[in-house]
Amino acid sequence: MQFFSRFVVLIVLVGFSSLLRAGDQPNILFIFTDDHCEQALSAYDDTRIATPNLDRIANDGMKFTRCYVTNGICGPSRAVIQTGKYSHLNGFIRNGNTFDGSQQTFPKLMRGAGYETAVIGKWHLKSTPQGFDYFDVLVGQGPYYNPPMIHGGIEAKGTQRSHTGYTTDIIKDKALAWLKESRDPEKPFMLMFQHKAPHRNWQPGPKYLNWLDDVTIPEPETLFDDYSNRASAAANQTMTIKEHLTPVDLKLVAPTNLDPYQLEVWNKAYHKKNLDYLSRRDSMTEKEVIQWKYQRYVKDYLRCVKSVDDSVGEVLDYLKAEGLEENTLVIYSSDQGWYLGEHGWFDKRWMYEESLTTPLLAKWPGVIEAGTTNDSIVSNLDFAETFLDAAGVDVPADMQGESLVPLFKGETPGDWRSSFYYHYYEFPGAHSVARHFGVTDGSHKLIHYYHLDEWELFDLEADPEELNSVYGTSDYAGKEAELKAELDRLREYYKVPEDPMPQPGEFDRKPKGKKGKKKAA
Ligand code: CA
């Protein structure tokens with residue numbers, strides 16, 4: 001009898017503790033990619049690709065349609081997510097900076113609350129990851145094939161290992177191995193599962209090298225944009241499909257780090273296609289060459305996304321098979337959006353919609369209603385706060401975003417943000433996109449290229465492709481004044497310092513066509 005009552009107490013305690021876990025400390029699986037835009041994710045846009053596995057997250061959960069990044073470039077976005085703070089406060093304003101890992105980050109706070117934390121895949125913050133029980137990350141940007149990676153943890157210094165294979169598959173295998181074999185099943189986990197793909201230069205995996213060969217991807221309406229009716233910045237970048245894709249980008253030359261077998265498979269896929277193009281190129285019009293480059297570029301990008309989608313499917317299947325699905329918050333996002341030929345571009349950086357907006361999907365059974373959509377203005381600034389709130393950890397007052405947990409529950413607070421501040425710093429820099437900051441309320445957008453002393457104002461409802469700035473026009477004088485006041489308010493609210501004056505010559509634009517111009521493909 002005594003044994004029986006002890007047994008009952010034990011059962012009740014075990015039951016209570018698992019109830020506590022379920023209610024207070026869900027597992028968190030953060031699935032992250034680099035440069036993946038909504039135009040290549042079928043939950044948002046199914047005109048180019050089907051991504052059935054990523055769509056599972058949307059179908060079982062919530063799709064956010066206005067997730068804006070604070071600074072649309074790789075490293076800075078990651079630093080914002082670690083800290084819940086804008087770039088000017090976390091100190092990582094542009095690629096090439098080194099993240100100060102000694103500062104407060106959400107993984108450290110989650111560890112303190114009993115979570116086991118891990119990051120596997122692309123890190124790209126230069127300094128060694130801190131706050132993770134385990135890390136196994138690409139060295140820097142990382143190649144698409146045969147990546148060196150550094151693994152370590154709280155106590156262990158990083159040790160480098162080499163790998164053979166396709167990076168997307170390797171990162172997925174490592175994430176699954178950690179989930180299956182390494183983590184402590186007694187603790188809730190927070191895993192950042194972070195792909196390099198589909199970052200430039202879009203090298204597909206062996207499985208998809210010939211996928212899409214026989215289809216034509218639709219062209220965006222702005223593929224031949226002439227950059228008129230806007231500030232001078234749009235015309236002066238170096239990120240056009242027409243001029244700035246290199247022979248490596250276009251797969252006219254093979255990657256240099258493939259092993260003999262990989263190279264054979266690669267050449268088998270591209271050699272004939274390349275010969276066909278090169279034999280016709282001299283007789284093609286300029287427009288036809290751009291159209292060919294567009295197809296080559298976008299197909300390779302989509303091929304990379306396809307492998308990401310497969311990898312997500314395998315990890316979601318594992319959660320389901322292990323009974324972890326019910327108590328795991330799964331988030332999918334990317335570090336920013338991307339241009340799939342819109343405005344004639346590849347790359348990101350701008351406050352224009354395609355790169356300002358990033359995908360955000362969230363699935364949490366019992367909390368998020370399946371198949372829901374949320375149009376509120378949310379941000380990568382909110383991710384840290386969301387993870388902490390979901391875990392029942394107090395959100396520090398100096399974090400600048402807001403928890404999305406109420407939105408997950410369908411209870412968007414009445415005072416939720418109705419405008420958003422953006423700031424891009426990386427000029428001079430890759431692709432020569434001028435520094436700018438701005439504000440959007442979701443229907444209008446004001447952008448200030450402050451070193452050029454030029455402005456743009458877009459009416460996103462009348463001009464969703466942002467082709468005609470209405471800045472300085474009488475019809476929009478009221479909106480312009482309203483957004484300028486809002487910009488001032490947000491800069492104060494987010495503690496943005498007055499921008500340093502440029503050093504003499506620092507922001508002079510390099511003359512076009514001289515140093516650094518890549519050989520035309
Ligand atoms: Ca990126």
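In each ligand, atom 1 is the first atom listed, and ligand 1 is the first ligand listed.
A salt bridge links Glu466 to Lys445: one of the charged nitrogens lies within less than 4.0 Å of a carboxylate oxygen.
Counting only protein N, O or S atoms closer than 3.0 Å to the Ca ion (ligand 1) gives 6.
Residues passing the side chain to side chain donor-acceptor pair (under 3.5 Å) test with His195 are Ser311, sequence neighbours excluded. Partners of His431 according to the ring-ring contact (aromatic ring centres under 6.0 Å, His included) rule, which considers only residues two or more places apart in sequence or in another chain, are Phe346.
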Distance-only donor-acceptor pairs under 3.5 Å for side chains of residues 129-140, two or more places apart:
residue : atom : partner : partner atom : Å
Asp133  : OD1  : Arg111  : NE           : 2.9
Asp133  : OD1  : Arg111  : NH2          : 3.0
Asp133  : OD2  : Arg111  : NE           : 3.3
Asp133  : OD2  : Thr117  : N            : 2.8
Asp133  : OD2  : Thr117  : OG1          : 3.3
Tyr134  : OH   : Asp136  : OD2          : 3.3
Asp136  : OD2  : Arg161  : NH2          : 2.9
Asp136  : OD2  : Lys174  : NZ           : 2.7

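Between Tyr145 and Trp266, the ring-plane angle classifies as perpendicular under the 30° and 60° cut-offs. The aromatic rings of Phe92 and Phe99 lie tilted to each other, with the angle between the two planes from 30° to 60°.
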